[in-house]
Amino acid sequence: MYAMLTHKSPIQSGIRTTEEYKSVNTSSRFGRFWRRKPPRLPPRLTPDEKVGNNSFNRGPKLTNVGSKWMDRQRDVKEAFIHAWSGYKKYAMGYDELQPLSKIGTDGLGGLGATVVDALDTAMIMSADDIVSEAGSWIETHLLDRISQKGQVNLFETTIRVLGGLLSAYHLSGGEQEMNPTAKGPRPIVYLDIAKKLADRLLTAFTSSPTPIPFSDVVLRDSTAHPAPDGLSSTSEVSTLQLEFNYLSTVSGDPKYSMEAMKVLEHLKTLPKVEGLVPIYISPHSGEFNGENIRLGSRGDSYYEYLIKVWLQQGTTHSSNLTYLHDMYEEAMKGVRHLLVRKSIPSGLVFVGELPYGSTGSYSPKMDHLVCFLPGTLALGATKGITKEKAMKDNLLTFEDLENLKLAEDLAKTCFEMYSVTSTGLSPEIAYFHTQEYYEGSLDGGNKSSEYLNDIIIKHADRHNLLRPETVESLFVLYRITEDPKYREWGWQIFEAFEKYTKVDSGGYTSLDDVTMLPPHRRDKMETFFLGETLKYLYLLFGDSSVIPLDQFVFNSEAHPFPIRGTI
Ligand code: DMJ
């Protein structure tokens, strides 16, 4: 069994006022460090217990059910090691691996994104060699890259690289100024690099004439500029705050949080459609652009961060962030009213789009990206505790119960988006059969699926990028409802990844068409397969006391940060 991957933070995590920052003087902070216990990490395994050894000793008290999930968790760890081995062999230091060509590519600006995205997954899995290799690469190379590289996207760099550095700082015992794992560099190394990176990223905020940051930063000269069309994505500008807030907490410098929170304060003032927002925003005017409303690409994590930034500062604390909870609740009401429908003939609940605003026509299109929503809805409803406990303590409002029901319905739909295809893997985008919309001969190929006629998959949407959203939601739903079906669904998805995306020479690959057997492979391993997909599967099959959801909040790239005041 694994111990809780938690500890008391010496400086409470979360958002501070400037006065609070001033009052934290260095010597008293250090005094408290020494009195606190270091984080409790999963126990070291003996060589016999290590991954890959068939004599893995699970101890006498485990039931068959417990041992089945430990075996499955071990299989996920093996998959992670296989993914890393391909990356290390052919692409170490590049952003991503092309596992079929056996080369690396820099699609994210050249900061070694896979190394940083994978590091905290390796820590959580106690994959010690990978922690050492990734940690040592970061210590040796990342600062130089940050000062020399060119254009990076503010959002991608924040969620993957800054987020990865900060959770590695926490999980390696940063707040105690010690590294209980003794693997990789001292935690302060991660924090120092995170600060240097964030100092450059801040230019995106400070060069903009409004509180809405520019989308791109040129690292080597610390300049920022808008995207070619002049617009930023709504989800991108609103998915920076968990990271900048936590950096302010651990660094003691409020500037990061202050800049990032100005975005949400500004978004609060803008007109919306029942809490729903268009997917583009102009950093020049500070206004939304166009009317396209969706919870898929460019819209998704706006809704995710409303509730998570509110949760991050601890619900037991009096807060000036209640407006975020209000915005979230209004938006979810809007989702239920304007976007949720049921497919025919078999009644799958799905979330469609309003490409022309609330007065335009409805599109029954759902990106796989929308599958983050079941997890977010469940988390927002119980605030990370189990449904059973929340019900027993009478903590759930009418809105919470509605959201929880929707979460469970949508998680099923997301799972069926996998189940309906020949490969058992989801397409990037699905359409749903309704009274108004149907297209024949575009099914997923699994003739035994009950939902073959409900889910329509267009030719251009049949790829799979190893995305995490569905397994992320299955993980959260399992933790909250404790219903074992979510684990079984996760296992089916994992088996399909193993069967169709694993590359023998190392790594896993995206696919071109999940409805074809065998599927054509696309030659790219996205960083989030190591940062998110495998991490969520590992946690789904493991002990629920590891990274508990009422004590940690996961950023949009699955990097966990402690919640203020809970640990
Ligand atoms: C990740 O980079 C993040 O989860 C982001 O918020 C959305 N897309 C990818 C994974 O699909």
Side-chain angles (χ1 to χ4, degrees), residues 83 95-97 107-109 111-121 152-167 215 232-244 260 263 277 279 294-309 312 351 366-377 379 414 417-418 425-430 461 463-476 493 497 501 508-511 514 522 524-537 539 553-561:
D95 284 333
E96 292 142 332
L97 167 69
L108 293 158
L111 299 182
T114 291
V115 182
V116 195
D117 228 359
L119 174 60
D120 65 357
T121 307
V152 295
N153 175 275
L154 169 67
F155 157 79
E156 298 291 2
T157 310
T158 298
I159 64 168
R160 301 186 202 216
V161 183
L162 186 61
L165 288 167
L166 289 172
S167 65
S215 69
S232 297
S233 298
T234 303
S235 64
E236 294 195 356
V237 303
S238 56
T239 308
L240 309 162
Q241 290 71 21
L242 289 177
E243 297 80 359
F244 280 76
V263 181
V277 293
I279 58 171
R294 65 176 179 229
L295 272 81
S297 62
R298 302 183 189 278
D300 48 5
S301 44
Y302 163 78
Y303 304 94
E304 178 188 357
Y305 269 37
L306 290 179
I307 191 70
K308 286 188 173 176
V309 174
Q312 181 186 34
V351 175
M366 181 163 143
D367 293 352
H368 181 272
L369 287 168
V370 180
C371 291
F372 82 95
L373 189 61
T376 295
L377 282 165
L379 184 70
C414 289
M417 284 165 62
Y418 285 71
L425 291 169
S426 173
E428 177 73 357
I429 298 170
D461 304 333
H463 47 294
N464 178 293
L465 305 185
L466 309 170
R467 284 197 192 277
E469 290 76 18
T470 296
V471 295
E472 166 185 348
S473 284
L474 298 181
F475 157 67
V476 178
I493 292 172
F497 278 129
T501 71
Y508 288 76
T509 184
S510 306
L511 301 177
V514 292
R522 198 171 247 207
K524 176 91 164 284
M525 182 171 76
E526 301 280 348
T527 78
F528 46 69
F529 186 62
L530 292 90
E532 299 195 66
T533 311
L534 293 176
K535 181 188 290 154
Y536 283 129
L537 283 164
L539 291 171
V553 64
F554 286 85
N555 88 339
S556 200
E557 190 75 6
H559 299 302
F561 305 140

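Each ligand, and each atom within it, is numbered from 1 in the order the structure gives. Every heavy atom of this structure was used, including side-chain atoms; hydrogens, water molecules and symmetry mates were not.
- The protein heavy-atom contact nearest to atom 10 (C) of ligand 1 is Glu469 OE2, 3.1 Å.
- Which parts of ligand 1 touch Glu532 is read off a 4.0 Å heavy-atom cut-off, strictly below it: atoms 1 (C), 2 (O), 3 (C), 4 (O), 10 (C).
- If you take CD1 on Ile493 and CG on Leu425, they are separated by 8.0 Å, rounding to the nearest 0.5 Å.
- Residue Glu304 does not touch ligand 1, judged by heavy-atom distances below 4.0 Å.
- Counting heavy atoms under 4.0 Å from ligand 1, residue Thr239 does not touch it at all.
- Residue contacts with ligand 1 leave out Leu465, since none of its heavy atoms falls under 4.0 Å from the ligand.
- Considering only residues two or more places apart in sequence or on other chains, Phe155 meets the ring pair (Phe, Tyr, Trp, His ring centres under 6.0 Å) condition with none of them.
- The contact set between ligand 1 and Pro468, taken as ligand atoms under 4.0 Å from a residue heavy atom, comprises 10 (C), 11 (O).
- Listed by number with element, the atoms of ligand 1 under 4.0 angstrom from any heavy atom of Leu369 are 7 (C), 8 (N), 11 (O).
- For ligand 1, the atoms lying closer than 4.0 Å to a non-hydrogen atom of Arg160 are 2 (O).
- Under the 3.5 Å distance criterion, the side-chain polar atoms of Ser235 are matched with a main-chain donor or acceptor of Arg298.
- For atom 4 (O) of ligand 1, the nearest non-hydrogen atom of the protein is Ser556 O, 2.7 Å.
- In summary, Glu428 and Arg467 engage in a salt bridge, as defined by a charged side-chain N under 4.0 Å from a carboxylate O.
- At the shortest separation from atom 2 (O) of ligand 1 among protein heavy atoms lies Glu557 OE1, 2.6 Å.
- Remark: the backbone N or O of Gly375 is paired with a side-chain donor or acceptor of Ser473 at under 3.5 angstrom.
- Under a 4.0 angstrom heavy-atom cut-off, His368 registers as lying outside contact with ligand 1.
- Listed by chain and residue number, Tyr536, Phe554 satisfy the ring pair (Phe, Tyr, Trp, His ring centres under 6.0 Å) test with Phe475 (two or more places apart in sequence, or in another chain).
- Residue Glu156 has no N or O atom closer than 3.5 Å to an N or O atom of ligand 1.
- Asn555 places no side-chain N or O within donor-acceptor distance of the main-chain N or O of Gly163, the cut-off being under 3.5 Å.
- A donor-acceptor distance shorter than 3.5 angstrom exists from the side chain of Gln241 to the backbone of Ala260, with no hydrogens or angles considered.
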